[in-house]
Student: 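Mind looking over this structure? Questions follow.
In this chain, residues are counted from 1 in sequence order.
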Amino acid sequence: MSAHDIRSAVRPDPDQPLVDIADYVVDYKIDSKEAYDTARYMLLDSLGTAMLAMKFPECVKHLGPLVPGATLPGGARVPGTSHELDPAQAAFAIGAQIRWLDFNDTWLAAEWGHPSDNLGSILAVADYLSRKAEREGGQPLTVRDVLDYAIKAHEIQGCYALLNSFNRVGQDHVILVRLASTAVATAMLGGDKEQIITAVSHSWIDNGALRTYRHAPNTGPRKSWAAGDACRRAVTHAINAVHRGVAGYPSALSAKTWGFYDVAFKGKPFEFERPFGSYVMENVLFKISYPAEFHAQTAVECAMQLHSMVADKIDHIDKIVIETQEAGCRIIDKTGPLANYADRDHCIQYMVAVPLIYGRLVASDYNDDIAADPRIDALRDKMTVVENPQFTRDYFDPAKRYIGNSVQVFFKDGSSTEKVSIDYPIGHRKRRVEGIPVLLQKFEAAMRGHLPAHRVKAIMAATKDPATLDAMPVQHFMALFTL
C-alpha cells in the first residue's frame, strides 16, 4: 500500500495491483492449449446461453439502443438480433444476454462470479474494431484474439476472487467484471500500459454495486443485467483512457481515507494466491445441464436422481434435508414467498423441489405458471438446509474446487431414500470428458431454437474445426449470429 501523505499533492506511483494488471494484459503470452480449448468451448457456450435468453421478453427489451434511434450502422452487433450499436451499449446488451438465465460459466472462491460475462465487452469491442478495420483496409481481429482476451479477463476476475471477498462487504461480484473488462478493452483499443493503469484506476473509483438485488427481500432481475452494466462501464473507461486522454488516479486503491481500500474494503489491501497466468480458464466451471445458481448445481443433480423414487409419493414426504457448503447456506437458502424469476433461481429449495416433482429443471420452470404449482412451496416448507463442513473445506481447497451437495427425503411412514451426495457437477474440470459433448449439444439446441436454419448450418460448419474457427475474422464470426 502507498504511504502517501494525505496532505501532500505529490502524485504517488501507481498502486501495484494496477501495474500488475497492465503488465499481464500487455506482456503475458498464453501458451496453454487447455486454456485455448476451454476458452473456445466457453465462447460457444456463452453464445448459446445468449440465444436461450432471447425467449424471454424481459431480456429482449434491454438489447436495443439506450433511446430509440440511437443506433450505429457499421457498429457492434448484438447476437440473435438485427441491432447495430455503439460498442458500449452493445457490451451492455451482450453482457445481459449471456447472464440473463444464470446459465453461463462460473467461478467460485472467496468471491463468486461468472467470468464469461466479460464477453459482453470483448465481443462488442472486437466486432466494432474489426468492422471498422474492414472498411478502412486495416487488419481485423480474429476469433483467436477474442480467446486470448477472454483468457486474460477470466484470469483477472478469477484471481481477484480467490482470496478477496467483495460479498462480505456487501458489494456485488460484477465489480470484477468491470475491472477485467476495463483492462482488456483498453488493450483492444490500442491502449498501452499507462492507459490501462488509468482506465483500471477509474474502474476502482466507480466503487461497486450493492448486491442487495441478489438477496432476500430484494432479489430481482437487475442481477440479470448487472454484468452487462459493468461491461458497458468498462468500455466507457477504455474509450476515455485511449481516445480522450483522461487523467488516471494512481493511488485509487491505497489513498488514505479516500481510496477504495479505506472506503469500501475495511482498510484491507487485496491478497493474491497466485500470479496471473491461465489457471482460471483451465479450471472454470460450466453450467451445462441446469440454469441454476452454481452452488445448487449438484443439489439439482441429486434431486434428479431421487425423482423416480419420490415422484409418486410427494404427498407422503415428511421432510427433506439438504446439505450444502457455507456459501450455499448464505446465498440461496431462502424461505417465504418468491416474488419473481430472479428470486426462484436463487433459492436452493425451489431448485430442488422442481426436479423432485417434475424430473427436470429448465429456464421456464422459474416462470409464474410453474411456480403456481402448490406442491413446490409445500415441499419448500418441508426442507431443512444445513452446512456440511466437508463440503465447505472441499469448496475452498485449490486442488479440488468442489461444490458439494446432498439431498435425502424422509417419508411420513418412517422410511427414507438414500442420501444422494455429489461433490462436483458435470461442468467441473474433473468431468470435462463427460461434460463437453453435453455442452455442445446445449449450444446446437440453443442455436436451432432461435436462429434460421441456414444460419445454424453456417455456425455449425464454422465452429466444427478449431483452427478454422480461430482464424476467422471477428466481424465474419459475429455476422453468423445476426438476424
Side-chain angles (χ1 to χ4, degrees), residues 1-28 87-88 91 111 118 121 125 149 152-153 155-166 169-209 229-277:
M1 292 178 63
S2 169
H4 184 60
D5 185 342
I6 194 172
R7 301 167 300 164
S8 173
V10 175
R11 211 75 165 171
D13 291 334
D15 290 323
Q16 193 60 44
L18 311 184
V19 176
D20 291 342
I21 285 177
D23 287 345
Y24 169 67
V25 171
V26 173
D27 294 337
Y28 190 82
E111 187 53 63
N118 293 288
S121 300
V125 172
Y149 287 118
K152 290 184 176 181
E155 191 73 1
I156 293 167
Q157 180 174 346
C159 284
Y160 267 78
L162 288 172
L163 297 178
N164 303 293
S165 179
F166 295 85
V169 294
Q171 297 204 9
D172 193 33
H173 53 68
V174 297
I175 193 171
L176 296 181
V177 175
R178 191 182 66 221
L179 172 69
S181 283
T182 296
V184 299
T186 306
M188 293 173 76
L189 289 166
D192 58 20
K193 289 184 182 181
E194 183 178 351
Q195 289 166 322
I196 293 171
I197 290 170
T198 290
V200 168
S201 75
H202 280 271
S203 179
W204 285 121
I205 286 172
D206 277 357
N207 208 334
D229 197 41
C231 290
R232 174 168 53 192
R233 190 69 179 159
V235 175
T236 299
H237 288 318
I239 291 171
N240 283 341
V242 176
H243 296 305
R244 306 283 187 267
V246 297
Y249 299 88
S251 59
L253 294 172
S254 66
K256 289 298 181 184
T257 306
W258 312 117
F260 183 87
Y261 291 152
D262 277 3
V263 170
F265 219 58
K266 298 184 177 180
K268 293 171 52 182
F270 297 137
E271 300 177 69
F272 298 97
E273 180 181 281
R274 60 179 58 240
F276 296 132

Student: Sequence neighbours left out, what passes side-chain contact (heavy atoms from CB on, under 4.5 Å) with Ala230? Give chain and number order.
Tutor: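 Once residues adjacent in sequence are excluded, the partners of Ala230 under the side-chain contact (heavy atoms from CB on, under 4.5 Å) criterion are Val174, Val177, Arg178.
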Student: Are Val169 and Lys266 side-chain neighbours, meaning at least one heavy-atom pair lies under 4.5 Å?
Tutor: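 Result yes, sub-4.5 Å side-chain heavy-atom pair found.
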Student: Taking all non-hydrogen atoms of both residues, which atom of Pro275 and which atom of Cys159 are closest, and how far apart?
Tutor: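 Between these two residues, the closest heavy atoms are O-SG, 4.4 Å.
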Student: Going by the rule ring-ring contact (aromatic ring centres under 6.0 Å, His included), which residues pair with Tyr24 if we only count those two or more places apart in sequence or in a different chain?
Tutor: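 With neighbours one apart ignored, the set is Tyr28, Phe276.
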Student: Return the minimal non-hydrogen interatomic distance between Ile196 and Ala187, and the atom names on each side.
Tutor: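 Closest heavy-atom pair between Ile196 and Ala187: CD1-CB, 4.1 Å.
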Student: List the atom of Leu18, the atom of Ser201, and the distance in Å for their closest heavy-atom pair.
Tutor: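 So the two residues come closest at CD1-CB, 4.1 Å.
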Student: Please examine the side chains of Val125 and Val184, heavy atoms only from C-beta on, and report whether any two atoms are closer than 4.5 Å.
Tutor: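 A side-chain contact under 4.5 Å is absent here.
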Student: Can you name the nearest heavy-atom pair linking Ile197 to Ala22, along with the distance?
Tutor: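 For Ile197 versus Ala22, the nearest heavy atoms are CG1-CB, 3.7 Å.
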Student: Give a yes or no on whether the backbone of Cys231 and the side-chain of Ser121 come within a donor-acceptor separation of less than 3.5 Å.
Tutor: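 Yes, the answer is positive, given that a donor and an acceptor are paired below the 3.5 Å cut-off.
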Student: Assess the residue pair Ile156 and Val25 against the criterion (side-chain contact (heavy atoms from CB on, under 4.5 Å)); give the C-alpha distance rounded to whole Å, side-chain angles, the decisive distance to 0.1 Å, and a yes or no.
Tutor: CA-CA 9 Å; Ile156 293 167; Val25 171; 3.8 Å; yes
Student: Can you measure from CZ (Arg233) to OG (Ser203) and round to the nearest 0.5 angstrom?
Tutor: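 Answer for the CZ-OG pair, Arg233 versus Ser203, is 9.0 Å.
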Student: Check the side chains of Asn118 and Ser181 for a donor-acceptor pair under 3.5 angstrom, ignoring hydrogens and angles.
Tutor: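 Their side chains do contain a donor-acceptor pair, which is all the 3.5 Å distance test asks for.
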Student: Can you give me the closest heavy-atom contact between Ala180 and Ala153, atom names plus distance?
Tutor: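 Distance-wise, the nearest heavy atoms are CB-O, 3.4 Å.
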Student: With a 4.5 Å heavy-atom cut-off, do Asp15 and Phe260 have their side chains touching?
Tutor: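 Side-chain contact under 4.5 Å: no.
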Student: Could you go through residues 236-246 and list every donor-acceptor pair under 3.5 Å that involves a side-chain atom there, pairing it with any protein atom two or more places apart or in another chain?
Tutor:
| unit_1 | atom_1 | unit_2 | atom_2 | d |
| --- | --- | --- | --- | --- |
| Thr236 | OG1 | Arg232 | O | 3.2 |
| His237 | NE2 | Asp206 | OD2 | 2.7 |
| Asn240 | ND2 | Thr236 | O | 3.4 |

Student: So, Asp192 side chain and Glu194 main chain: donor-acceptor pair closer than 3.5 Å or not?
Tutor: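 Yes; at least one donor-acceptor contact below 3.5 Å.
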Student: Who passes salt bridge (Lys or Arg N to Asp or Glu O under 4.0 Å) against Asp23, sequence neighbours left out?
Tutor: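 Only Lys193 meet the salt bridge (Lys or Arg N to Asp or Glu O under 4.0 Å) criterion with Asp23.
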Student: Less than 6.0 angstrom separating the ring centers of Trp204 and Phe270, yes or no?
Tutor: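 Between Trp204 and Phe270, the centre distance is under 6.0 Å.
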Student: Using every non-hydrogen atom in the two residues, find where Ile21 and Ala183 come nearest and quote the distance to one decimal.
Tutor: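 Smallest heavy-atom distance, with atoms named: CG2-CB, 3.5 Å.
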Student: Heavy atoms, side chains only, cut-off 4.5 Å: are Glu271 and Asn164 in contact?
Tutor: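 Yes; the side chains approach each other to less than 4.5 Å.
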Student: Considering residues at least two apart in sequence or located in another chain, which fulfil the side-chain contact (heavy atoms from CB on, under 4.5 Å) criterion with Val263?
Tutor: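 So Val263 forms a side-chain contact (heavy atoms from CB on, under 4.5 Å) with Asn207.
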Student: Applying salt bridge (Lys or Arg N to Asp or Glu O under 4.0 Å), can you list everything that pairs with Glu273, at least two apart in sequence or on another chain?
Tutor: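 In terms of salt bridge (Lys or Arg N to Asp or Glu O under 4.0 Å), with neighbours along the sequence ignored, Glu273 is linked to Arg401.
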Student: Could you tell me the separation between the CE atom of Met188 and the NZ atom of Lys152, rounded to the nearest 0.5 Å?
Tutor: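 Going from the CE atom of Met188 to the NZ atom of Lys152 covers 12.0 Å.
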Student: Rounded to the nearest 0.5 Å, how far does OG1 of Thr182 lie from CG of Leu176?
Tutor: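 Interatomic distance, Leu176 CG to Thr182 OG1, rounded to 0.5 Å: 11.0 Å.
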Student: Look at the aromatic rings of Phe265 and Phe166 and report parallel, tilted or perpendicular, splitting at 30° and 60°.
Tutor: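 Taking Phe166 first and then Phe265, their aromatic rings sit tilted (interplane angle of 30° to 60°).
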Student: What is the distance from atom OH of Tyr249 to atom CZ of Arg11, rounded to the nearest 0.5 Å?
Tutor: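 If I round to the nearest 0.5 Å, the distance is 7.0 Å.
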Student: Rounded to the nearest 0.5 Å, what's the gap from CD1 on Ile175 to CD on Gln157? Could you check?
Tutor: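 If we round to the nearest 0.5 Å, Ile175:CD1 and Gln157:CD are 11.0 Å apart.
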